[in-house]
4 protein chains.
Amino acid sequence: MAVAGRTKRQVLLEFRTTEILEAARTVFAQHGFAAATIDNIALTAGVAKGTVYLYFPSKRDLFLACLREGVLALHAELAAELRAASNCQARLHAFIAVRFQYFSRNRDFFRIYYTEFSQLVAGNAQPEFQDLYEQQAAVLESVLADGVQSGLFRPCDVPGTARLVYDLTRAALAQHILHPAAETPEIPIDSLYQFVLKGIGPS
Amino acid sequence: MAVAGRTKRQVLLEFRTTEILEAARTVFAQHGFAAATIDNIALTAGVAKGTVYLYFPSKRDLFLACLREGVLALHAELAAELRAASNCQARLHAFIAVRFQYFSRNRDFFRIYYTEFSQLVAGNAQPEFQDLYEQQAAVLESVLADGVQSGLFRPCDVPGTARLVYDLTRAALAQHILHPAAETPEIPIDSLYQFVLKGIGPS
Amino acid sequence: MAVAGRTKRQVLLEFRTTEILEAARTVFAQHGFAAATIDNIALTAGVAKGTVYLYFPSKRDLFLACLREGVLALHAELAAELRAASNCQARLHAFIAVRFQYFSRNRDFFRIYYTEFSQLVAGNAQPEFQDLYEQQAAVLESVLADGVQSGLFRPCDVPGTARLVYDLTRAALAQHILHPAAETPEIPIDSLYQFVLKGIGPS
Amino acid sequence: MAVAGRTKRQVLLEFRTTEILEAARTVFAQHGFAAATIDNIALTAGVAKGTVYLYFPSKRDLFLACLREGVLALHAELAAELRAASNCQARLHAFIAVRFQYFSRNRDFFRIYYTEFSQLVAGNAQPEFQDLYEQQAAVLESVLADGVQSGLFRPCDVPGTARLVYDLTRAALAQHILHPAAETPEIPIDSLYQFVLKGIGPS
DNA sequence: CATGAATGAGCATTCATTCAT
DNA sequence: AATGAATGAATGCTCATTCAT
């Protein structure tokens, strides 16, 4: 009973947390951080305003929780795919493909992610988010470093190029999410992969 | 006399406008649109709050004026360099170089530019800004199209690739502005240009 | 339980609404619409500024609510008295008497009512208020029409005369409220009624 | 020369004063006191904002000057007509007719007059205006008193009845100005006069 | 636990008034 | 005398946060 009680409590806690997080993601994506209101999020989540504060201490924290949750899920998917990839080129392809597919499935999250990323540029980002960002860059960096060592990629400034590729995929995604006409996420993936591999110079 | 009087007025008008615009750029860059306050901008500009409204009808208008001014100056510089370039590869290089150099010189403006750009992704951008954006993409597109036709670039989806390159430069700039350690803007330019031309694949 | 809960909420809602409405009436009567401030109203009501906006969406709405509430109460009293009156002359007397007595009891409201009425003249009145005004004029008109038909009143331009009498009572009330020396509302009522009936000409 | 110089100055002073006063009347009539702006008045008068303050020390003073000017002109016309009238009934008729005709010719002024009058009810009117008002009431009162004494009017509470008649004409005017359909000011005058004389009772 | 009424700091915007030219 | 740029106090309204029920 005691165990079941605690479990039930745990379940409810998680349920509410998820519920509010999802509502927040939707609202933040639609209006941006500043224009989103706790009222609107609570309404969307189907709870009272005060309830939001039982689960998240502040609006900013709620926003960051949205960000963290999405980024961690993305990282998990990416890690799985990278493990499954056989060589560096496959891992590079996986890096691009997973991000494309994940964000295509979670467009609301992408809007939040992209907006917050732009805060990085303004120098106002949360340290935690910056760390998550750096972490991903490091993953890609190691893929590139392996590739260069094994001769599958041509020698280059690995950290700089890693960031370049990282940023490029984000930028391409922004295009893709921005112009939802292209409903087929596969094509941009390969096209992007080819661009990264061969550039636009003459063969 | 009349001419002098009008000139004096004109001068004051321009002076104040510039003064306020510069203050606004600084404050918007530091805090973002929503968190910036007119009070703060006025204080920074060294004028009273009401004075700001003598020159700009609203906070939003002031923000857009910052954006417009910077974008137009950038476009002007770019147009001059493109005219001076001898062939498509030189023009592609100029496209990348001018943007890099302009934004390196105007970092506050870049923050505003980048943030507003992220609003494009959220679908909340001003039509005027979207037009300016599209216009630049079109410029790059024509450079690429010429290059493909003349064989200097390999055949590709020109509009898509143009956006890719466009977005890549912006993303690389974000990196560069974000990590101001690298005070030498020349290296990223060439490195970026090489990346665009040859990708990272093995030669 | 549910009923009690809902009732309690209902009670609080009505209590606060009334509380704010009364404060607003006082403040609007004292300063007029433009010079009244929400701050002052909130202070008078003993609530915070934001609370006012929980019950009324805007200053203008609050003002109109004051107006509406008072006018509707007046109309209700008038309707009851008119039903109780036996003939047209009695109804005319009731029309005058009820208005006199109601406004004597609600002087703050009269100030608001009278001020807003003057907006009618400037052509800036709310349509809703204009409707309420016209409605009352129509009531009096039907009293006069009946009276003319039954020979109790002499033939005349009924709509025009109705407005004349309507306006006259309002004007007389303004006098009465303005000079509160005469604390006996009965005398002006009969004196006014006699004036309406017989004018000032020689018998 | 000195005389001419002073005269020229005098002329200009009067010209500007009138110019601004007329503009103010128009703007106050259109927007009411609170919503009227000095900017708008200056623009309408064709002078700079600061110039208004050379002729009138404050917005409120400008408003009161509008009021005073119009009221004094009305009083002058009324005095002339009263002197020309042969007996009390003629003077009563003149009282009604002059006011009707004057305000019909000066509708903008009527709006200001009427609005300010409603301030009297709220107890916020300027003492000066109250005096002007009382003065007119006294004029009418003496007409009525004479009439009662000479048997042309039936005995009544003279002061109270004077105010009644006074207010009635103002109210009827409001109707007339409010519903400009009736472009013939003569009819309401006689109709009003008859009402005052005979009331609506059966003959 | 959940609620939602209440709070009040905060901000964009307006405009009467002043004063240097 | 005339101007109009500059001022800054004033105010309607919003919304994150708190807390009594």
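Per chain, numbering begins at 1; letters A, B, ... match sequence-line order.
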Once you round to the nearest 0.5 Å, how far does NZ of D:Lys49 lie from CD1 of D:Ile38?
8.5 Å
Starting at atom CG of C:Asp39, determine the distance to atom P of F:dT14, rounded to an integer number of angstrom.
15 Å
Over 60° means perpendicular and under 30° means parallel, so tell me whether B:Phe28 and B:Phe33 are parallel, tilted or perpendicular.
parallel
Using Watson-Crick pairs (N1 to N3, plus N6-O4 or O6-N4) and G-U wobble pairs, both distances under 3.5 Å, which stems of at least 3 pairs involve DNA chain E?
E:2-21 with F:2-21
List the steps and the verdict of side-chain contact (heavy atoms from CB on, under 4.5 Å) for D:Leu72 and D:Leu132.
CA-CA 8 Å; D:Leu72 292 180; D:Leu132 290 171; 4.1 Å; yes
Taken to the nearest 0.5 Å, the spacing of D:Lys59 NZ from D:Ile41 CD1 works out to 7.0 Å
Which is it for C:Asn40 and C:His31 under the side-chain contact (heavy atoms from CB on, under 4.5 Å) test, yes or no, and what are the steps along the way?
CA-CA 10 Å; C:Asn40 195 350; C:His31 302 95; 3.6 Å; yes
Is it true that D:Glu22 and D:Arg25 have a side-chain N and a carboxylate O under 4.0 angstrom from each other?
no
Please give, in whole Å, the distance from E:dT17 C1' to D:Ile41 CD1?
14 Å
Measure from CZ on C:Phe56 to P on F:dT14 and round the result to the nearest Å.
15 Å
Between F:dG12 atom P and C:Leu62 atom CG, what is the distance in whole Å?
11 Å
Could you pick out which residue, D:Lys59 or B:Pro57, lies toward the 5' side of DNA chain E when each is mapped onto its nearest nucleotide?
B:Pro57
Name the pairs: protein N/O against N/O of nucleotides 6-10 of chain E, kept only if under 3.5 Å.
| residue | atom | partner | partner atom | Å |
| --- | --- | --- | --- | --- |
| E:dA6 | OP1 | C:Arg16 | NE | 2.5 |
| E:dA6 | OP1 | C:Arg16 | NH2 | 3.0 |
| E:dA6 | OP2 | C:Tyr55 | OH | 2.4 |
| E:dT7 | OP2 | C:Ala48 | N | 2.8 |
| E:dT7 | OP2 | C:Thr51 | OG1 | 2.5 |
| E:dG8 | N7 | C:Gly50 | N | 3.4 |
| E:dG10 | O6 | C:Lys49 | NZ | 3.3 |

What integer distance in Å separates D:Ile38:CD1 from E:dC19:P?
17 Å
Atom OH of B:Tyr53 and atom P of F:dA10: how far apart are they, to the nearest Å?
18 Å
P gap between E:dC1 and F:dT21, integer Å
22 Å
Under 3.5 Å, is there a donor-acceptor pair linking the side chains of B:Asp61 and B:Ser58?
yes
Whole-Å distance, B:Glu19 CD to F:dA5 C1', equals 13 Å
Calculate the interatomic distance between A:Leu43 atom CG and F:dC15 atom C1'; express it in whole Å.
15 Å
Kindly write out the residues that satisfy ring pair (Phe, Tyr, Trp, His ring centres under 6.0 Å) with C:Phe129, not counting sequence neighbours, or none if the list is empty.
C:Tyr113
